[in-house]
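Structure record follows, encoded as structure tokens.
A note on names: the letters A, B, ... follow the listed sequences, proteins ahead of strands, and every chain is numbered from 1. The structure displayed is predicted, hence computed values, not measured ones.
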There are 2 protein chains.
Amino acid sequence: MWYDAVMRTYGQYCPLAKTLDVIGDRWSLLIVRELLFRGPCRYTDIRNGLPGIATNLLADRLRDLEQAGVIRREAAPPPVATTLFHLTPRGEELRSVLRAMAQWGLPLLGDAPGDDAFRSHWLAPPAAIYLSDTTPDRPPIAIEVRTGDEPMVIETVDGAVRARLGAVERPDAVLAGPPRIVIDLIIGKLDLAEARARGLRYEGDPEVLGRLQPRAIGEV
Amino acid sequence: MWYDAVMRTYGQYCPLAKTLDVIGDRWSLLIVRELLFRGPCRYTDIRNGLPGIATNLLADRLRDLEQAGVIRREAAPPPVATTLFHLTPRGEELRSVLRAMAQWGLPLLGDAPGDDAFRSHWLAPPAAIYLSDTTPDRPPIAIEVRTGDEPMVIETVDGAVRARLGAVERPDAVLAGPPRIVIDLIIGKLDLAEARARGLRYEGDPEVLGRLQPRAIGEV
DNA sequence: CAGCATCCGCTTTGATACTG
DNA sequence: CAGTATCAAAGCGGATGCTG
């Protein structure tokens, strides 16, 4: 096997077109999403985060992105003993691109088909963008969110709202249910009572959740 | 003719994937670029801004983007008397995505092949992102830039630097030459003397140009 | 001429099977 | 686990033709 495939490019002296030459192929940006939202991953981890990708395509894209200096593969020391894929600093700089695109796309989740695949980490970072802490002077809070394949935490850190995978010792509230209901609640499309009527489970003081408010459009 | 083509989607309940379902196809974002950087355009104008696109693909993409609510077609009144393609408000909101991507891609112009196609308006908005006015308290300046197919103006407006297509009555300086030299000068890769040695023509007080400085990395 | 649609050959993608 | 090999289907690029 030899990889001398000639890259298809737009051939335009334009910064946007050059960016698309690098990350415009199908699946490429979603691979970056996996590494950006989850950190360094094994081949199998990435594939699990990209249901539907053909394995040969994943291998191709990883080669291309490495070639372009966006990712880097590294032999992990024991006990992992496998190769891990990392973002390079240059790849990390795509964060602002991902953030802008995820923000633009959040409203599209409203009428998404019900049989979409779902992974918790796809939603954690974007969801936090839309939330603000109405009373940042009060003690910080942490809400455990159980939807999808992994638990998440939404927490306040000095005025900002962050979301991440993982758990927390003693959450101030626990939110559980199907992804759509959780998201609709978070972005303010449903209130707590409505969400409960549709299958959401909530434990804890409603005040805790009430402290987080969806930002106004354009405020983000 | 009937357009029941099944849209290919990632099938992921993820805001980024949903965005890519809409603007992830080849050429789609470049069509948005044309409308965003140039304003409403005729079919032919768009095609001229996208050298290399097959005309049937352009027609397809315009249909898809219209369907998705990103663009809108409108019958222009005389004397134009043709249909104009506009961005919808929703399409305008892609500006932040384009800005992030163009910013990421600007360094890639450094080693771009010399036979790339070029249009002035591809560069005007992105280039200004990298420039700041070192002495915003002094009177505003305007520099005429002649490179590519259309004249541009780089000007200071209350502290910020903007670039746009068009001309100005009495520019404080005039910059002319091949795109690469002009860009390398603007982003600080070359100084005025070096750029001149490579074919750049400059008329006016060098002080005028010196007032604009490329921002430090990460400052943008 | 502006705004497409059709046809054709090539490339990319998707699905699955197989391997060190 | 981390890929490669194979093949069918879909997408793309280029040329050309049609219609108001």
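Look at CZ on A:R61: it is 14 Å from P on D:dT4, rounded to the nearest Å. Here C:dC7 presents its P atom at 14 Å from CG of B:D60, a figure rounded to the nearest Å. The separation between B:Y10 atom OH and D:dA10 atom P is 18 Å, rounded to whole Å. We find that CG of B:L57 is positioned 17 Å from P of C:dG3, with the value rounded to whole Å. B:L58 has its CG atom 15 Å from the C1' atom of D:dG14, to the nearest Å. In this structure, the CG atom of A:L84 is 12 Å from the C1' atom of D:dC1, given to the nearest Å. The CD1-P distance, from B:I46 to C:dA2, rounds to 13 Å in whole Å. If you take CD1 of A:I53 and P of C:dA15, they are 11 Å apart, rounded to a whole angstrom.
Note: B:Y13 and A:F118 have perpendicular aromatic rings, judged against thresholds of 30 and 60 degrees for the angle between ring planes. The aromatic rings of B:Y10 and A:W27 lie perpendicular to each other, with more than 60° between the two planes, well past the 30° mark.
Between A:R73 and the phosphate of D:dG3, there is a side-chain N or O to OP1/OP2 separation shorter than 4.0 Å. Checking the phosphate oxygens (OP1, OP2) of D:dC1, no side-chain nitrogen or oxygen of A:R47 falls inside 4.0 Å. Between A:T83 and the phosphate of D:dC1, there is no side-chain N or O to OP1/OP2 separation shorter than 4.0 Å. In terms of phosphate contacts, A:R26 brings no side-chain nitrogen or oxygen within less than 4.0 Å of OP1 or OP2 of D:dG11. A sub-4.0 Å separation between OP1 or OP2 of C:dT12 and a side-chain N or O of A:W27 is absent. The phosphate of C:dC4 (OP1 or OP2) has no side-chain N or O of B:R63 nearer than 4.0 angstrom.
The nucleotide whose nearest atom lies closest to any side-chain atom of A:Y43 is, among C:dA2, D:dG3, D:dG13, D:dG3.
Both A:R8 and B:L62 lie near DNA chain C, and the one whose nearest nucleotide falls closer to the 5' end is B:L62. Where A:M7 and B:T44 meet DNA chain C, the nucleotide closest to each residue was compared, and B:T44 sits on the side nearer the 5' end.
Side-chain to base pairing of A:N56 with D:dT6: one donor and one acceptor N or O lie within less than 3.5 Å of each other.
Nucleic acid contact class of A:A54 (heavy atoms, under 4.0 Å, all strands): base. At a threshold of 4.0 angstrom between heavy atoms, the contacts of B:T55 include nucleobase atoms, whether or not backbone atoms are also involved.
B:R90 places a side-chain N or O within donor-acceptor distance of the main-chain N or O of A:W104, the cut-off being under 3.5 Å.
Side-chain contact between A:V70 and A:I31 is absent, with no heavy atoms from C-beta onward closer than 4.5 Å.
The number of heavy atoms from other shown groups lying within 6.0 Å of CZ (B:R73) is above 12.
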